[in-house]
J.: 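One structure coming up, written as structure tokens, with questions to follow.
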2 protein chains.
Amino acid sequence: MATINDVAKKAGVSKSSVSRVLNGNFEYMAEGTKTKILHAMEELNYTPNSVAQSLKKKSTETIGIIISDISNPFWSEVLKGVQSECTRSGYTLMVSSSEEKAEKEEENVLTLKNKQVDGLIVNTTGKNNGLFDHLVKEKYPFVFLDRFTEELKADTVIVNNILGAKRSTQYLIDQGHKRIGILLYPIENRSPRIDRLEGYKQALQENGLPVDDELIKVCDTTKDSGIKATQELLELSDPATAIFSTNTILNLEALSGAKKEGCHVPEDISVIGYDDYPWVPLLDPPLSTVAQPAYELGVNAALLLVKRMNRKRQPKPKIIQLEPELIIRESCAPPK
Amino acid sequence: MATINDVAKKAGVSKSSVSRVLNGNFEYMAEGTKTKILHAMEELNYTPNSVAQSLKKKSTETIGIIISDISNPFWSEVLKGVQSECTRSGYTLMVSSSEEKAEKEEENVLTLKNKQVDGLIVNTTGKNNGLFDHLVKEKYPFVFLDRFTEELKADTVIVNNILGAKRSTQYLIDQGHKRIGILLYPIENRSPRIDRLEGYKQALQENGLPVDDELIKVCDTTKDSGIKATQELLELSDPATAIFSTNTILNLEALSGAKKEGCHVPEDISVIGYDDYPWVPLLDPPLSTVAQPAYELGVNAALLLVKRMNRKRQPKPKIIQLEPELIIRESCAPPK
DNA sequence: CCGGTTTCTGAAATCGGTTTCTAAAACCGG
DNA sequence: CCGGTTTTAGAAACCGATTTCAGAAACCGG
């Protein structure tokens with residue numbers, strides 16, 4: 001690979017001059033030297049070594065993203081948004097995965113920082129507030145993705161989960177349901193879970209309906225726990241007539257659970273889920289869901305980060321809240 | 001951020017010595033200096049700047065991956081495998097997306113190379129053989145992912161598509177089907193498509209069944225083109241009694257098309273698809289598919305790349321072929 | 001006690017760029 | 001033709017590490 005010195009030698013100039021044309025710094029440069037250098041570059045097929053540039057410029061034109069689970073289609077859609085915005089603005093993406101583990105998350109932040117990424121997008125576990133606190137103190141640019149921490153003020157892009165839960169629950173209420181179960185994963189201090197439960201409760205209360213703990217099913221994340229929870233909801237002495245499921249896995253398990261219990265959806269039990277994918281309309285029955293703007297979430301996160309990175313004066317933390325959309329298909333009906 | 005000079009100063013030694021402890025180069029180092037330096041590092045909370053290290057060592061401990069579509073769940077599962085193997089062996093991942101475009105692919109290869117990634121994993125468009133030819137000539141380590149190019153000998157990890165198509169077609173034949181349609185996207189010189197069609201044909205021929213062009217439906221990639229193709233297969237004067245669909249989208253469209261035509265799966269028409277996901281068993285009906293080991297594909301690609309990167313003597317190109325697995329559910333039945 | 005090893009450490013060069021500083025060359029008005 | 005200004009471009013320092021080379025100190029046998 002040709003270096004700046006090779007170019008300088010071939011063009012018969014100093015490397016300072018070559019560097020100048022690399023950086024488009026043409027004021028005070030004779031036309032002749034410029035073309036000489038351009039020619040030499042061409043001939044040697046030269047591209048500046050960006051590691052060397054990064055060292056001097058203290059910027060790698062790279063941003064890092066830490067995601068809990070890349071293979072989750074929600075996150076991969078988010079990643080696509082981030083990716084596309086990054087290439088648009090000239091950044092390369094380093095991707096790593098925390099697998100929801102605090103230690104992994106910390107490790108990832110550290111290696112990415114050490115690799116000098118210019119900024120970080122993090123779907124945080126929420127268990128490393130000290131670490132992120134430290135980051136804001138050193139003015140290291142980062143944005144939180146899809147999870148919000150009360151204690152820590154930082155740029156955040158999030159989907160309004162209260163609203164999503166409220167809309168779906170309200171929709172069930174409007175159909176006449178009074179016994180609405182909710183399926184969720186352990187709260188673990190995670191804002192989307194907190195908020196979806198909160199939205200569900202708010203909708204009930206606003207409609208004068210009681211919040212019944214029997215109907216709130218916290219499932220562990222082992223396989224099929226949602227199936228069991230669904231069956232339990234159906235076997236209550238005063239059984240649920242509708243189920244609000246708060247994530248993709250639980251959506252599927254709710255459907256399975258109902259089937260197992262011999263209940264038809266939506267005739268015997270209504271189900272409304274969370275997250276939408278191309279295959280959701282092809283489920284049995286086509287599932288109504290709360291669709292989140294995953295791609296936009298990614299785009300906005302990248303946009304916000306880039307904005308912060310380009311500021312010398314650090315602006316106040318900004319929270320961008322996107323709206324989910326209720327998509328009605330055929331999995332809900334009025335109770336019998 | 002503390003630099004090696006700060007540490008040296010604080011410990012009262014030269015940076016050479018600090019560098020020595022960084023690299024575990026302890027022979028000929030007095031115990032005292034070592035502990036002094038270790039202490040200074042501790043106190044300053046020092047981590048070596050890896051950009052500087054990369055410049056000198058000519059290695060970034062980073063590998064790049066270029067994928068056609070990150071939001072495609074198949075690829076995101078592959079990515080997960082790559083990711084996990086990379087972290088296991090101490091590499092960071094740079095991800096970029098070609099969106100199936102040759103120019104984008106070239107651009108990505110160039111920027112990643114320029115960022116000095118130590119190696120590349122590429123799900124190539126197949127339209128840049130010159131570029132990759134060049135790479136093998138400069139001994140730049142890379143491996144092809146899931147697509148094979150006859151003309152270019154390079155490390156490749158792939159799933160045996162002929163086998164996958166053969167197995168699924170054979171399964172349909174075994175059930176008594178003679179009119180088996182195949183749904184695929186335009187070949188475009190892409191080995192998975194070529195091979196799946198080839199496997200289908202081979203299975204037919206080996207069973208003495210004719211290959212009927214009427215039954216081979218090349219769908220364009222616009223939305224719903226698979227639905228139309230399915231309907232056409234069902235409206236043939238001698239209609240198809242089974243359909244082999246060769247990718248996820250077409251799987252869904254085949255199911256939709258049958259539904260639209262008023263046909264029940266599997267009673268009126270059998271469908272077997274390609275690729276498996278957690279939600280596939282919950283389709284209506286639970287779809288039988290050819291499952292590809294996506295995660296293992298990723299792991300193997302990373303493994304192969306790392307192996308090549310670590311060799312000084314470049315070994316001959318190696319082709320790893322994984323086996324797909326036929327997963328039987330409820331979407332196929334003998335013809336009426 | 002002296003010359004030769006062995007042990008230990010620092011100075012300096014290097015990686016491939018950017019940037020500052022300075023000086024030579026060109027230009028220009030009087 | 002001369003002094004001052006403007007162009008132009010190179011030398012050198014620097015970014016933060018690694019590595020070579022060489023010299024000082026300690027050690028050791030005779």
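Proteins get letters first, then strands, A, B, ... in listed order; numbering begins at 1 in each.
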J.: So what does A:T33 hit on the nucleic acid, given a heavy-atom distance under 4.0 Å: a base, only sugar-phosphate, or nothing?
T.: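 Sugar-phosphate only.
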
J.: Between P on C:dT19 and NZ on A:K58, what's the gap in Å once rounded to a whole number?
T.: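 So the NZ-P distance, A:K58 to C:dT19, works out to 12 Å.
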
J.: Any base atoms under 4.0 Å from A:V18, or only sugar-phosphate, or nothing? Heavy atoms, all strands.
T.: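 Since no nucleic acid heavy atom lies under 4.0 Å of A:V18, the category is nothing.
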
J.: Under 4.0 Å, heavy atoms only, any strand: does A:V51 hit a base, just the sugar-phosphate, or nothing?
T.: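 The answer is nothing, as A:V51 stays clear of every strand by at least 4.0 Å.
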
J.: Say whether, by atom type as modelled, one donor and one acceptor occur between the side chain of A:N23 and the main chain of A:S19 under 3.5 angstrom.
T.: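 Checked: pair present.
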
J.: Using a 4.0 Å heavy-atom cut-off across all strands, classify A:Y46 as base, sugar-phosphate, or nothing.
T.: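 If one applies the 4.0 Å heavy-atom cut-off, A:Y46 turns out to touch the sugar-phosphate alone, with no base involved.
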
J.: For residues A:F142 and A:F144, establish whether the separation of their ring centroids is below 6.0 Å.
T.: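 Aromatic pair counts; centres sit under 6.0 Å.
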
J.: To the side chain of B:N49, which of D:dA17, C:dG10, C:dT18 is closest?
T.: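 Nearest listed nucleotide: D:dA17.
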
J.: Report, as yes or no, whether the 6.0 Å neighbourhood of atom CD on A:E150 holds more than 12 heavy atoms from other residues, nucleotides or ligands.
T.: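 Atom CD in A:E150 is not packed in, count stays at 12 or less.
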
J.: Would you mind reading off the distance between A:K9 atom NZ and D:dA11 atom P, rounded to a whole angstrom?
T.: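 In whole Å, D:dA11 P and A:K9 NZ are 13 Å from each other.
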
J.: Go through it in stages, so that I can follow the logic: the residues are B:S68 and B:N123, the test is side chain to side chain donor-acceptor pair (under 3.5 Å), and I'd like the CA-CA distance, side-chain angles, deciding distance and then a yes or no.
T.: CA-CA 7 Å; B:S68 50; B:N123 168 231; 2.9 Å; yes

J.: Nearest whole angstrom, please: distance from the P of D:dG10 to the CD1 of A:I4.
T.: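 A:I4 atom CD1 is separated from D:dG10 atom P by 12 Å.
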
J.: The side chain of A:K15 is closest to which nucleotide in this list: D:dT18, D:dA13, C:dT7?
T.: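 The answer is D:dA13, which lies nearest to the side chain.
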
J.: Side chains of A:S97 and B:Q83: is there a donor and an acceptor less than 3.5 Å apart?
T.: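 Checked: A:S97/B:Q83 side chains show no N/O donor-acceptor pair below 3.5 Å.
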
J.: Remember a base hit wins even if backbone is also touched, and classify B:T3 as base, sugar-phosphate or nothing at under 4.0 Å, heavy atoms.
T.: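 Sugar-phosphate, backbone atoms only, no base.
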
J.: So, OP1 or OP2 of D:dG16: does either fall under 4.0 Å of a side-chain N or O from B:Q53?
T.: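 Looking at the OP1 and OP2 atoms of D:dG16, neither is under 4.0 Å from any side-chain N or O of B:Q53.
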
J.: Applying the Watson-Crick and G-U wobble criteria at under 3.5 Å, what pairs with C:dG30? Answer none if nothing qualifies.
T.: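 Per the H-bond distance test, D:dC1.
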
J.: Distance criterion of 3.5 Å, no angle test: do you see the side chain of B:S16 paired donor-to-acceptor with the base of C:dA11?
T.: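 Check passes, donor-acceptor contact within cut-off.
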
J.: Consider the side chain of A:R20, meaning its heavy atoms from C-beta on, and name the nucleotide among C:dG16, C:dT20, D:dT18 that approaches it most closely.
T.: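 Nucleotide nearest to A:R20's side chain: C:dT20.
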
J.: Could you tell me the separation between the CE atom of B:M29 and the C1' atom of D:dA25, rounded to a whole number of Å?
T.: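 After rounding, the reported distance stands at 16 Å.
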
J.: Output the single nucleotide from C:dT18, D:dA9, C:dG17 whose closest atom is nearest the side chain of A:A52.
T.: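 Output: C:dG17.
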
J.: Check every strand shown and say whether B:N5 touches a base, only sugar-phosphate, or nothing at a heavy-atom separation below 4.0 Å.
T.: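 If one applies the 4.0 Å heavy-atom cut-off, B:N5 turns out to touch nothing in the nucleic acid.
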
J.: What integer distance in Å separates A:K57:NZ from D:dC14:C1'?
T.: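 It works out to 15 Å between those atoms.
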
J.: Could you say whether B:M1 or A:Y28 is positioned toward the 5' end of DNA chain D, judged by the nucleotide with the nearest heavy atom to each?
T.: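 Comparing both residues, the 5'-ward one is A:Y28.
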
J.: Is B:S17 touching bases, backbone alone, or none of the nucleic acid, heavy atoms closer than 4.0 Å?
T.: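 If one applies the 4.0 Å heavy-atom cut-off, B:S17 turns out to touch the sugar-phosphate alone, with no base involved.
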
J.: Checking contacts here: which listed nucleotide (D:dA9, D:dA12, C:dC15) is nearest the side-chain heavy atoms of B:L55?
T.: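 Comparing D:dA9, D:dA12, C:dC15 against the side chain of B:L55, the answer is C:dC15.
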
J.: Starting at atom CD of A:E61, determine the distance to atom P of C:dT18, rounded to an integer number of angstrom.
T.: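 After rounding, the gap between these two atoms is 12 Å.
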
J.: Of all the nucleotides listed (C:dG10, D:dT8, C:dG16), which has the minimum atom distance to the side chain of A:K56?
T.: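 Nearest to the side chain of A:K56 among the choices is C:dG16.
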
J.: Nearest whole Å is fine: how far is D:dA9 P from A:L22 CG?
T.: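 My rounded result for the distance is 16 Å.
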
J.: Counting distance only, does the side-chain N/O of B:N114 pair as donor-acceptor with the main-chain N or O of B:L110 below 3.5 Å?
T.: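 Flag not set: sc B:N114 to bb B:L110 has no pair under 3.5 Å.
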
J.: Using atom CD of B:E27 as one end and atom C1' of C:dT9 as the other, report the distance to the nearest whole Å.
T.: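 Checked: the CD to C1' distance equals 14 Å.
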
